[in-house]
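Some notes on the structure that comes next.
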Amino acid sequence: MPRPILATIHTQAFRSNLERLRQAAPDARVWAVVKANAYGHGIERAFEGLRGADGFALLDFNEAQRVRDLGWRGPILLLEGAFELRDLELCSRLDLWHTVHSEAQIDMLAAHKTNVPQRVFLKMNSGMNRLGFTPERYRSAWARLNALPQVDEISLMTHFSDADGPTGVAEQMALFARTTRDLPGERSLSNSAATLRHTVDPALAEAQPEQWVPSDWVRPGIAMYGSAPDFPEHTAAHWGLQPTMTLAAKIIATQSIFARASVGYGSSYVAPEAMRIGVVACGYADGYPRICPTGTPVLVDGVRTRTVGRVSMDMITVDLTPVPKADTGSVVTLWGTAANGAVLPIDEVAACAQTVGYELMCGLAQRVPVEVTA
Ligand SMILES: *Cc1c(COP(=O)(O)O)cnc(C)c1O
């Protein structure tokens, strides 16, 4: 028998989350952001649930190839664009749209031999200070691109640094609006947090074009995977999002321990009184963060309880006090949805690990078998 641990990808949850994002941005087309192997879900496994999107955005060429291999003929956008000249041949061959964020990439385009002009997304650095042209250089970059026979349509994009927090997007949005005001082309601004938290009232946008730029294309990632971009201020349930990944494992042994007995490496947990412990077939080598302290929530047979003691490579130990009927073979949900419908948000586990849902999804280990359900 294989080791009793399983990740499940929920196709219907993808559809539901996508629908939810469309409600938040009814006038926009949706890039399903599937970089990092669809946030750890597996591009091939997520595809069925996401094929209702208008396009796929990612940054590895091999991932773009995989999306084409799945039969997708629609738009694909490379979020970091070309890394070297050869990449532009791949863009031509696979019909990829690509981001242009640097002069070096414009040089590559100018040197690219093709009869089929390419569609590009010109990126503005509106304050994140990672990729893109500063507002001062943006318009000259646009003019340079516009003069190239290798370039077909130019779309305009930026990425917000604080869409998930109190700072918000207003300042970056206004800077983008001012800089791009009279430039033609479609606009793409919003990630998950901006799409959910900073929905643009089209009437207001029209009244104040200096301040609001509606996205023609939104670029949600994390919300599509059922995690809240702004946890703990809001939960995924608040946003109407469902987990697309469940990680579950079984109890492989139980221990009845006396008061003052300790559990696991370093004896970090000492039982205050007699209790029953379940040993679960999941550890940090499966992608469960080692840093999760005693008290990290888990569901045992769909009932909420907690970890006790240190996470080890292949096992964690959980408190069975709230679930006296649990035994070897009981299913433990580490994050996601249990058989009884109870949900343990990945964001809660991530918070215990001092990180975000993104990192847990992306960190699901190779050795964990994965199943896709309807
Ligand atoms: C990853 C990424 C997104 C998606 O961000 P989420 O926070 O997951 O919604 C959008 N745009 C760009 C440029 C990205 O790199």
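Order of listing sets the numbers, starting from 1, for every ligand and every atom in it.
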shortest atom 12 (C) of ligand 1-to-protein heavy-atom contact is with His159 CE1, 3.4 Å

Tyr358/Tyr225 under ring-ring contact (aromatic ring centres under 6.0 Å, His included): CA gap, chis, key distance, verdict
CA-CA 9 Å; Tyr358 301 74; Tyr225 301 94; 9.0 Å; no

Given Thr321, Thr317, Val270, the one that forms side-chain contact (heavy atoms from CB on, under 4.5 Å) with Val308:
Thr317

Which of the atoms of ligand 1 are close to Ser192, meaning less than 4.0 Å from one of its heavy atoms?
6 (P), 9 (O)

Measure the spacing between CG of Asp69 and CZ of Phe47 and express it to the nearest 0.5 Å.
11.0 Å

So is Tyr39 in contact with ligand 1, going by heavy-atom distances below 4.0 Å?
yes

Considering only protein heavy atoms, which is closest to atom 11 (N) of ligand 1, and at what distance to one decimal place?
Arg219 NE, 2.9 Å

What residue among Asp54, Asp27, Asn17 forms side chain to side chain donor-acceptor pair (under 3.5 Å) with Arg22?
Asp54

Considering only protein heavy atoms, which is closest to atom 1 (C) of ligand 1, and at what distance to one decimal place?
Lys35 NZ, 1.4 Å

So is Arg119 actually on top of Trp97's ring, under 6.0 Å and inside 45° of the axis?
yes

Out of all atoms in ligand 1, which are within 4.0 Å of some heavy atom of Tyr358? Include the element for each.
6 (P), 7 (O), 8 (O)

In terms of its nearest heavy atom to atom 6 (P) of ligand 1, the top option of Leu59, Ile222, Val356, Asp230 is Ile222

